[in-house]
Amino acid sequence: MPGKLKAKIVAGRHLPVMDRASDLTDAFVEVKFGNTTFKTDVYPKCLNPQWNSEWFKFEVDDEDLQDEPLQITVLDHDTYSANDAIGKVYIDIDPLLCSEAASVISGWFPIYDTIHGIRGEINVLVKVDLFNDLNRFRQSSCGVKFFCTTSIPLCYRAAMVHGFVEELVVNEDPEYQWIDRIRTPRASNEARQRLISLMSGELQRKIGLKVLEMGGNAVVGYLQCFDLEGESGIVVRAIGTACTLDKLSAGANANAYTHPNTAPASNACNSPSKDSKEPVFSEDPPTALGPLTPLRVLPSSSPPPFSSSKPCSRQSSSSDTDLSLTPKMGMGSGGSVGKEAGPLKMLLRQQTQTALEQREFPFFTLTCFPPGFLVHVGGVVSARSVKLLDRIHNPDEPETRDAWWEEIRQEIKSHAKALGCHAVVGYSESTSICEEVCILSAAGTAAILNPRYMREGCLDIGSGDHRFDEPSPPSCGFCHIPYDELNMPFPAQLTYCYQCRRQKVPDVLFTTIDLPTEAAVSGKGCLIQARLCRLKKKAQGEVNATSISNLLPFMEYELHTQLMNKLKLRSMNALFGLRIQISIGENMLLGLASATGVYLSALPTPGGIQIAGKASGDLSNEQHVLSIQKRINDAMAKNKEMYHINPPELSEEAAGSPIPEPKQRSRLFRSQSESSDELSELDLSHGKKDAFVLEIDDTDAVEDIHSLLTDAPPPAGFYSCNTEVMPGVYNWTSGLQMFTSVRVLRLSNANLTNQSLNKIFTDMCENLLKSLYFKLRSMIPCCLCHVNFTVAVPEDELIQVAVTAVAMSFDKEPILEKLGDRAVFKGLYPMPPCLKQRDLSSSERCSPLPEGRSRSLRSTRSSGGGGGGTAVTVVKMTPLSFLPGTRLIKYLGIINMFFIRETTSLREEGGVSGFLHTFIAEVFAMVRAHVAALGGNAVVSYSMKECVFMENPNKNQAQCLINVSGDAVVFVRDTDQEATPTLIHTSCGGTDGPT
């Protein structure tokens with residue numbers, strides 16, 4: 001037997017009264033793993049029983065340890081009738097299987113019942129002994145680390161990024177297996193919860209095996225979703241990015257663990273003979289500036305190295321291909337490389353392309369990258385497909401669904417190719433299901449990547465060979481177009497980059513990734529949303545699917561148009577973190593696009609918006625058009641001021657950019673000093689001639705323009721964005737509060753039009769944001785980061801909007817000078833050094849539980865308290881991958897939980913809002929308890945993937961399903977002494993022994 005699982009039931013508290021006669025409970029516990037069940041003794045007539053059971057031992061395969069949760073059921077013993085269930089706890093064993101993670105799970109877990117919610121708590125100890133040597137260990141995927149965070153986790157470094165992994169498992173839905181006998185809510189819900197828990201364990205194990213095959217040891221950007229397909233079954237699918245991660249040794253808790261590659265690679269820096277064979281690249285911009293200039297002359301003076309590498313590049317010998325795969329393909333190096341540039345540029349580009357094309361899908365689920373990873377960004381690529389679930393021949397097999405996703409991924413890949421890109425970053429997949437129709441969607445950002453991350457041993461820090469580095473300043477490289485200017489895949493206005501004046505850039509840039517750390521931004525960013533509703537006729541089967549697929553392209557086009565208009569209205573020129581959702585209901589489609597708008601200094605200044613009226617009927621009155629035009633101009637001026645956007649003047653810009661080579665320098669000065677027509681050739685988009693024209697030709701257009709102007713700006717002191725970090729704000733304090741809010745709206749009147757429906761939906765989203773601003777007014781100045789909206793049409797005439805975000809306060813210091821703040825922003829990659837400490841009162845208030853209950857959630861373990869430190873307080877939760885003012889010292893594993901709650905007394909529980917509020921608070925409590933039991937004190941990259949609400953108001957019933965995930969971590973405050981991390985380390989180690 002490769003593994004032994006041991007569990008001990010210590011005690012319970014605050015149990016509910018189960019015997020009416022005595023007002024007490026005769027509680028006992030069943031502990032089940034696989035097919036083995038153990039029971040504790042009955043502890044009679046007590047609401048706070050002390051079982052102190054023996055250790056229950058399960059001998060199991062390590063595959064089972066990955067697939068199955070430990071199931072703990074608390075029951076009330078009845079002599080004459082069946083025992084009554086009090087509730088259950090599912091404990092995921094996976095975090096104990098990693099060598100670096102916790103070695104014991106110990107703490108108070110809320111006892112959860114799908115009908116009554118949390119009913120008391122139980123104290124459990126769980127340990128795993130894996131008695132097998134490491135070689136055998138590799139047969140299952142034990143030891144592969146999973147991270148929800150979409151950037152390289154903070155205390156690791158990426159030795160290699162292998163690429164895309166995906167998997168999907170299917171099973172019958174227990175909810176639809178009750179035909180032969182009457183459905184009982186508790187049995188059905190628990191069967192579903194257990195099944196989904198098993199499926200996500202199996203899925204994680206299968207993905208882990210794929211990662212081991214690729215030679216990786218971790219999955220970053222792990223995104224797992226459920227599709228409840230009704231009678232076709234339940235699908236659990238996941239995508240992620242396989243990497244090889246090395247733990248960084250930092251400060252006091254330094255692990256004496258270095259990657260085997262580091263030694264040879266650092267030698268390579270010293271000996272010139274090796275240097276030419278295996279280049280090592282610096283990630284540290286300041287040191288990079290030293291050797292750059294002498295080396296840059298090399299290419300033009302000595303062509304032989306390049307010509308010699310051409311014939312070799314076809315062989316597979318490592319040293320030659322390594323040389324030709326050097327980073328930052330001479331994409332923008334036309335000026336410095338001289339005559340050799342053309343063929344060399346092509347060769348290097350082909351090399352990377354072939355390296356990535358060997359993979360089936362060169363997709364990456366990451367949205368935030370180490371500096372230098374992104375070379376160029378092409379733009380958003382997306383694909384959608386409408387499918388009929390009842391056409392699946394054998395619903396229990398995953399083949400059909402695999403083929404569907406394959407089709408969509410191929411389409412995304414071909415779109416990226418059309419943009420001249422060889423990879424897709426910020427990639428995600430989603431579905432929307434209504435009865436038998438299912439929309440599959442996928443989106444990402446086409447990009448050209450730096451190939452050094454795809455090869456072993458080339459990522460080490462230290463001075464390296466910079467001969468091929470792109471000479472343009474790094475802050476604008478990613479904006480340059482990757483596609484060929486002459487055969488562009490679509491019409492676009494191109495201008496020279498406003499920073500380096502060498503490469504062409506587009507007039508706007510839409511992406512699904514976070515703002516790269518090196519980007520130069522003017523002013524602050526803001527959340528931009530486009531919202532759209534479209535009615536459709538109720539229909540069945542193929543007719544329904546056809547009408548939906550006919551509507552989709554128009555909806556997407558309209559959402560893009562709205563985004564573009566709102567972007568221009570705010571005088572911004574780029575969108576980051578773009579997420580477009582389209583969900584289907586029986587008689588309508590909802591579309592919601594959210595993104596963060598910014599002003600990128602490298603892109604041209606957006607022109608104004610001009611209104612042009614058609615000379616027809618009463619719309620043509622000039623007054624009306626003029627008044628709208630005036631409102632738009634006012635709004636633009638106000639926005640510029642509000643977001644501190646002051647586009648840099650050209651002369652200033654040129655002064656700020658690094659001094660180019662002599663050839664460029666003459667060209668650059670000429671462009672400023674010589675005749676004005678030379679200048680106009682460079683920037684085509686100054687002044688009114690580039691105004692964005694909106695035509696008023698029908699009522700829809702009027703409505704579009706009004707919707708453009710009705711978006712209420714956030715109140716003074718508030719900013720919002722849906723990316724990890726707000727562009728333009730750098731001085732975060734440690735005040736932090738995460739929240740989740742769900743609104744459900746029932747549409748009353750039957751004769752709705754598209755316009756009225758749009759208005760209702762827009763108002764609903766606006767009011768949700770307004771209520772958040774109102775509730776958080778005590779945190780001003782404050783920024784809502786990672787604002788994540790999800791929309792759904794769970795039933796006919798029901799619209800549901802859920803939002804999860806984190807409010808972070810920042811210091812009201814004047815924005816630093818441009819160069820200064822760029823430097824600060826760069827520091828954010830390894831760990832935000834600039835985050836300031838402030839009193840913790842606001843951040844400690846984030847527990848949604850009443851005081852009494854939250855106290856019981858604090859971990860009773862001595863971790864952190866062993867040497868006189870304070871006990872672990874309420875576990876912090878955030879959707880971001882970091883906590884301001886702190887350092888993450890350990891990742892303890894992934895939290896992936898699925899809960900169902902049902903009620904038959906909806907009105908008595910406070911209606912829909914009372915029911916949902918209680919349920920979400922209980923989900924928070926359970927997540928916190930599981931993290932505390934692992935020895936963690938925070939959850940980062942938290943997200944609520946699924947929140948499905950169903951209501952039957954006539955029968956006073958409602959049901960809700962929630963799926964949440966995140967990374968459990970241990971953090972220490974920056975202000976703590978260096979001794980603290982060791983204290984936490986040793987005390988964690990200490991608690992393992994005596995338990």
(request) May I have the step-by-step check of side chain to side chain contact (heavy atoms under 4.5 Å, CB included) for Arg13 and Trp108, ending in yes or no? (result) CA-CA 9 Å; Arg13 62 186 181 197; Trp108 287 95; 3.4 Å; yes
(message) Going by side chain to side chain donor-acceptor pair (under 3.5 Å), name the residues that satisfy it together with Tyr112, two or more places apart in sequence or in a different chain.
(response) none
(request) Spell out, as yes or no, whether a donor-acceptor pair under 3.5 Å connects the side chain of Glu121 to the backbone of Ala11. (result) no
(request) Name all residues meeting the salt bridge (charged side-chain N to carboxylate O under 4.0 Å, His left out) criterion together with Arg746; count only those two or more places apart in sequence or in a different chain, and write none if there are none. (result) Glu951
Kindly list each side-chain donor-acceptor pair under 3.5 angstrom involving residues 75-90, sequence neighbours excluded, with atom names and distances?
from	atom 1	to	atom 2	distance (Å)
Asp76	OD1	Asp26	N	2.9
Asn83	OD1	Asp78	N	3.1
Lys88	NZ	Thr73	OG1	3.4

(message) Checking Gln204 against Asp67 for the side chain to side chain donor-acceptor pair (under 3.5 Å) test, could you report, in this order, the C-alpha distance in whole Å, the side-chain angles of both residues, the deciding distance, and whether it holds?
(response) CA-CA 8 Å; Gln204 223 163 299; Asp67 287 5; over 6 Å; no
(request) Establish, yes or no, whether a centroid distance under 6.0 Å links the rings of Phe147 and Tyr222. (result) no
(message) If you define the side chain from C-beta out and look only at heavy atoms, does anything of Asn937 sit under 4.5 Å from Phe971?
(response) yes
(request) State, yes or no, whether a side-chain contact exists between Lys4 and Val128 at a heavy-atom distance under 4.5 Å. (result) no
(request) Pick out which of Ile895, Val970, Val969 makes a side chain to side chain contact (heavy atoms under 4.5 Å, CB included) with Val931. (result) Ile895
Listed pairs under 3.5 Å, donor-acceptor, residues 898-905 side chains, sequence neighbours left out:
from	atom 1	to	atom 2	distance (Å)
Arg901	NE	Glu922	OE1	3.4
Arg901	NH1	Ile115	O	2.7
Glu902	OE1	Arg183	NH2	3.0
Glu902	OE1	Asn189	ND2	3.0
Glu902	OE2	Arg183	NH1	3.4
Thr903	OG1	Ser905	N	3.1
Thr903	OG1	Ser905	OG	3.4
Thr903	OG1	Glu909	OE2	2.8

(message) If you define the side chain from C-beta out and look only at heavy atoms, does anything of Phe56 sit under 4.5 Å from Ile9?
(response) yes
(request) Start with the C-alpha gap between Lys32 and Glu68, add the side-chain angles, then the distance that decides, and say whether salt bridge (Lys or Arg N to Asp or Glu O under 4.0 Å) holds. (result) CA-CA 10 Å; Lys32 185 178 177 194; Glu68 298 244 0; over 6 Å; no
(request) Applying side chain to side chain donor-acceptor pair (under 3.5 Å), name anything that partners Ser200, two or more places apart in sequence or on another chain. (result) none
(request) Applying side chain to side chain donor-acceptor pair (under 3.5 Å), name anything that partners Asn788, two or more places apart in sequence or on another chain. (result) Arg579
(message) A side-chain contact here means heavy atoms from C-beta on lying under 4.5 Å apart; do Asn896 and Asp92 qualify?
(response) no
(message) Closer than 3.5 angstrom, by distance alone: can the side chain of Asp967 be matched with the main-chain N or O of Thr149 as a donor-acceptor pair?
(response) yes
(message) Looking at Pro185, is its backbone amide N or carbonyl O close enough to the side chain of Ser188 to form a donor-acceptor pair, meaning the two atoms are under 3.5 Å apart?
(response) no
(request) Output all residues satisfying salt bridge (charged side-chain N to carboxylate O under 4.0 Å, His left out) with Lys6, sequence neighbours left out; order by chain, then residue number. (result) Asp129
(request) Taking salt bridge (charged side-chain N to carboxylate O under 4.0 Å, His left out) as the test, write out the residues that go with Asp173, two or more places apart. (result) Arg192
(message) In the structure I gave you, are the side-chain heavy atoms of Val742 and Cys947 within less than 4.5 Å of one another anywhere?
(response) yes
Check: residues 38-52 side-chain donor-acceptor pairs under 3.5 Å, at least two apart:
from	atom 1	to	atom 2	distance (Å)
Thr40	OG1	Val29	N	2.9
Asn48	OD1	His14	N	2.8
Trp51	NE1	Ala27	O	3.3
Trp51	NE1	Asp41	O	3.3

(message) List the residues meeting side chain to side chain donor-acceptor pair (under 3.5 Å) with Arg186, not counting sequence neighbours, and say none if there are none.
(response) Asp113
(request) Quick one: which residue pairs count as a ring pair (Phe, Tyr, Trp, His ring centres under 6.0 Å) with a foot in residues 933-958, not counting sequence neighbours? (result) Phe924-Tyr942
(request) Under the ring-ring contact (aromatic ring centres under 6.0 Å, His included) rule, collect the residues that match up with Phe915, sequence neighbours excluded. (result) none
(message) Donor-acceptor check, side chain of Asn963 to backbone of Met897, threshold 3.5 angstrom: yes or no?
(response) yes
(message) Donor-acceptor check, side chain of Asp19 to backbone of Ala21, threshold 3.5 angstrom: yes or no?
(response) no
